[in-house]
Amino acid sequence: MATLAPRTPRLPIDEVLDDIVAALRRSPCAVIEAPPGAGKTTRVPLALLQAGLHGGREVLVLQPRRLAARMTAARVADSLGEPLGATVGYQVRFESNVGPDTRLRFITEGLLGRKLHADPELRDVGVVVLDEFHERHIDGDLGLALLRRLQRERRPDLKIVVMSATLDGAAVAAYLSEGAAEECARITSAGRMFPVAIEHLGGDGELHSGVLRALARLVDEGLDGDVLVFLPGAREIARTAETCAGFAAHAGLQIFPLHGELPPAEQDLAVRPCSRRKLILSTNVAETSVTIDGVAAVIDGGLARVAAHDPWTGIPTLQLSKISRASAAQRAGRAGRTRPGRCLRLYAQHDHDRRPEHTPPEIHRVDLAGALLDLHAFGVAEPAGFAWFEAPPAAALQAGEGLLRRLGAVGPGGQVTDLGRRMLAFPLHPRLGRLLCEGIDRGVPGLACGAAALLSERSIRPAGALASCDADADVLVDLADLEKLRRRGDERGLLAGPARRALQVRDQLLRALPRDSRDRSKEQGLKEQEREDRLRMALLAAFPERVAQAREDVGGFRGLALAGGGAARLGPGSVVRTAPWLLALEVEQRREADRGAQVLVRSACAIEPEWLIDQLCDDIEERDELQWNAARERVEGARELRYMGLLLERTTTAKLPPAAGELLRQMALAAGPEKFVGDAEALRGLMARSAFVAAHVPDAPVVTEAVARALLAELCEGRTSFAELRAADLYGQLLARVAGGGGLERLAPTHVQLPGGRRAAVHYEPDKPPWLASRLQDFFGMSRGPAVAGGKVPLVLHLLAPNGRAEQVTTDLAGFWDRHYPEVRKALMRRYPRHSWPEDPRTAAPPAPRR
DNA sequence: GAGCACTGC
């Protein structure tokens with residue numbers, strides 16, 4: 001048996017290694033809490049192996065990141081004086097270094113799911129260690145739940161060890177003990193960190209000038225070492241670099257930007273020791289993924305961009321938010337790795353103290369479709385009843401399940417369909433799995449592999465690159481450039497790293513194709529236009545609800561109306577410049593403090609409206625009964641109704657096959673398409689606001705999707721009208737609970753009645769001053785907040801005519817605003833007591849915090 | 001004036 005080389009230094013965790021081993025002999029599970037510097041990653045797995053707890057099988061160590069899996073494996077192998085791939089090995093995507101004698105295997109969290117699909121009993125594994133569990137990635141959460149289930153049902157001998165730096169270990173221990181014969185053991189260790197002196201500088205003014213002030217202070221007070229600055233994004237980094245350039249040069253500091261889009265060589269520059277003192281301007285990469293030695297001081301801007309997923313629209317969001325206290329502590333700790341340090345926070349102490357303790361774990365934020373498909377494949381028919389470590393929000397579960405049904409991956413009984421099984425064979429999001437299956441069925445597997453690779457990895461073009469042509473799809477142009485890169489090494493206009501990674505993923509997908517679809521000669525025999533059309537149809541199957549219709553340009557951008565409701569803009573990098581109908585493939589809803597919510601489409605694909613009808617008819621006509629039900633659900637779903645309205649504009653029911661035509665006709669007869677569209681959207685808004693209210697107001701009435709659907713059914717059958725619904729106070733009640741008064745609901749309808757009896761969907765165009773718009777958005781959840789400019793409230797109304805056509809009208813509701821501002825102000829004062837709220841918004845400056 | 005960080009046979 002391998003033993004530690006004598007030169008290995010002692011670490012704090014060594015004090016408790018015997019306790020850990022003893023505990024695991026008694027109990028099947030253990031939780032180890034040890035702060036950074038304790039040495040848990042390098043010592044604990046090895047100690048378990050040396051104690052023989054693995055029973056001759058493997059010890060599997062889960063890491064959140066590939067780099068960590070590789071590096072720690074190398075360090076542990078080195079501590080044994082062995083090469084990698086002997087006793088100690090690692091395995092990450094595209095790369096593996098293990099041998100026949102390997103007993104300690106470091107893998108990424110994402111690989112565990114793949115291993116479980118290959119061998120549901122994990123027969124080669126004796127111990128699983130989940131490292132850095134406090135980061136709470138969805139793969140880690142899901143991994144823990146699946147391992148617990150496996151241990152209880154089929155592998156009582158399997159040992160589960162959870163290691164965490166800052167997490168409250170009690171919750172994990174309770175989860176692992178719940179209903180078990182043996183309690184889960186809990187062991188804590190000291191860490192090894194140097195003290196960091198933290199100061200709060202308060203923050204008014206902009207980030208970049210705040211950084212300069214803090215830097216000047218550090219230099220003034222005798223800075224000795226490097227400075228690490230945390231900023232939310234590349235844009236802020238560039239701005240701060242500009243602002244600090246002169247001072248830094250004067251103080252002998254060299255500036256290094258550090259963020260994810262930089263090529264590895266430039267990232268290395270920021271991390272490596274340097275002859276001059278460094279000023280490193282970094283995003284969150286430096287919080288967990290990259291460690292930098294020699295940092296004497298941290299300047300923390302207190303902000304980060306947080307990615308999430310909006311279950312109500314199915315659109316990914318990117319929101320600038322305040323970091324949690326745990327995250328702030330982690331950032332400060334970066335100054336105390338090798339010596340005592342300082343941390344200057346660009347926000348006030350009271351601001352810090354009021355922040356949430358932890359960043360919400362991924363399971364509360366992200367799209368669950370992939371995780372849910374895995375669960376179904378592991379035999380969990382009802383994910384809502386699954387023993388999650390922490391259950392995801394009900395709305396997200398419903399959205400994920402809905403998407404899986406719609407993609408045809410899961411049937412109504414929660415069983416994985418044949419199509420779903422085929423999708424599971426690929427390491428891709430279910431949408432992209434469907435894209436590949438559809439590409440195979442339509443005879444273009446090669447093109448589909450390329451498109452799926454591009455859509456699953458980060459963009460291959462620099463941010464801000466402008467469209468170079470007018471084409472049918474961004475992925476098609478990207479694929480042509482990837483081909484140039486592959487054939488001739490031509491990197492022009494591309495980001496070399498991401499482009500090569502996309503090629504690597506594409507090749508992996510090509511290898512994963514079923515044997516009988518690997519022959520690409522037939523595909524290559526097709527005319528180019530035919531091939532591309534087939535790919536675009538496959539994309540429609542993968543993104544069925546992301547249909548969009550072009551509208552007039554807004555501020556130089558192509559305006560889009562989304563089938564699911566709401567407006568979007570086509571990014572300037574997209575090549576889809578003229579197509580009237582398209583798919584929004586890569587979408588992002590941004591919300592920044594100083595401007596309203598914006599939906600930006602970065603990657604699009606032109607489609608023919610007839611395909612929409614074809615797709616619907618396919619679902620209705622050609623599939624079995626389960627599919628028929630799914631299609632019916634699709635048509636009946638509130639979101640679909642607007643989509644149906646758009647469809648009805650372009651076609652008549654006469655062109656449809658009988659069943660589809662009948663369904664459409666019945667629905668159209670029930671209320672008329674314009675009513676459909678209006679009421680469905682209003683209901684969706686109601687649910688969104690209700691969810692928002694429920695999150696902020698204890699005991700608020702909640703309108704669940706079931707209730708909303710029931711109401712919708714009543715509307716469709718003519719038993720009630722939207723006006724009655726509103727009169728019944730459900731809608732007003734909810735808003736009143738937040739706003740504390742009547743009248744406000746009239747500021748937030750998604751629809752209004754116009755003179756002449758026309759209905760209009762309302763989209764508030766955010767304008768200056770933006771601060772009020774962003775505050776109001778908090779009230780109305782998903783709806784765009786109104787804004788005030790010089791006393792005028794400009795509103796952009798998308799009028800939906802009975803034929804489904806939308807027209808855009810800008811109007812001015814200044815008088816309306818004047819009548820209601822006092823109520824709004826009262827509510828704002830209650831909600832944001834630390835700010836002073838002007839009597840008259842027309843003359844007001846942005847609110848300043850009260851001293 | 002428009003792109004946080006990760007990850008998968």
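The figures here come from the full heavy-atom set of this structure, side chains too, leaving out hydrogens, waters and symmetry mates. In the text below, chain A, chain B and the rest are named by the order of the sequence lines, each starting its count at 1.
Regarding A/I323, its CD1 atom lies at a distance of 13 Å from the C1' atom of B/dC4, rounded to whole Å. A/Q504 has its CD atom 12 Å from the P atom of B/dC9, to the nearest Å. Atoms CZ (A/R569) and P (B/dG3) sit 12 Å apart, rounded to a whole Å. Distance A/L466 CG to B/dG1 P: 13 Å, rounded to the nearest Å. Rounded to a whole Å, the CD atom of A/Q91 is 14 Å from the C1' atom of B/dT7. Distance CG (A/L509) to C1' (B/dG8): 10 Å, rounded to an integer number of Å. Look at CG on A/L62: it is 11 Å from P on B/dG8, rounded to the nearest Å. A/L368 has its CG atom 16 Å from the C1' atom of B/dT7, to the nearest Å.
Heavy atoms of A/F557 sit under 4.0 angstrom from at least one base atom. Among the atoms of the strands shown, none is found under 4.0 Å from any heavy atom of A/I138. Within the nucleic acid shown, A/E261 has no heavy atom closer than 4.0 Å to any nucleic acid atom. Here A/R93 lies in heavy-atom contact (under 4.0 Å) with a base. Using a 4.0 Å heavy-atom cutoff across all strands shown, A/S459 reaches at least one base atom of the nucleic acid. Using a 4.0 Å heavy-atom distance criterion, A/H117 is classed as making no nucleic acid contact. Note on A/R602: a base of the nucleic acid sits closer than 4.0 angstrom, heavy atoms only.
Contact of the A/N97 side chain with the A/F106 side chain is not registered, since no non-hydrogen atoms from C-beta on lie closer than 4.5 Å.
When distances run from any side-chain atom of A/V285 to the nucleotides B/dC4, B/dA5, B/dG8, the shortest one goes to B/dA5. Listed candidates were B/dG8, B/dC4, B/dT7. Nearest to the side chain of A/P427 is B/dG8. Residue A/Q508 has its side chain nearest to B/dC9 when only B/dC4, B/dC9, B/dG3 are considered. Of the candidates B/dC4, B/dG8, B/dC9, B/dC4 carries the atom nearest the A/L318 side chain, counting heavy atoms from C-beta on. Closest to the side chain of A/L111, out of B/dC9, B/dC6, B/dA5, is B/dC9. For A/A234, counting side-chain heavy atoms from C-beta on, the closest listed nucleotide (B/dA2, B/dA5, B/dC4) is B/dC4. Candidate nucleotides B/dT7, B/dG3, B/dC9 were compared by shortest atom distance to the side chain of A/R114, and B/dC9 ranks first. Here the nucleotide nearest the side chain of A/E362, chosen from B/dA5, B/dA2, B/dC4, is B/dA5. Of the candidates B/dT7, B/dC9, B/dC4, the closest approach to any side-chain atom of A/T108 belongs to B/dT7.
Taking 4.0 Å as the cut-off between side-chain N and carboxylate O, A/R492 and A/D481 do not count as a salt-bridged pair.
The environment of A/D470 atom CG is dense: over 12 non-hydrogen atoms of other residues, nucleotides or ligands sit within 6.0 angstrom.
Taking the ring axis of A/Y347 as reference, the NZ or CZ atom of A/R355 stays within 45° of it and closer than 6.0 Å to the ring centre.
Between A/L281 and the options A/L228, A/L258, A/I237, A/V227, a side chain to side chain contact (heavy atoms under 4.5 Å, CB included) holds for only A/I237.
Here A/R458 reaches the OP1 or OP2 of B/dA5: one of its side-chain N or O atoms lies under 4.0 Å away.
Between A/F389 and A/F133, the distance separating the two ring centers is shorter than 6.0 angstrom.
Taking the nucleotide of DNA chain B with the nearest heavy atom to each of A/L67 and A/L600, the more 5' of the two is matched to A/L600. Comparing A/P572 and A/G260, the nucleotide of DNA chain B nearest to each residue sits closer to the 5' end for A/P572.
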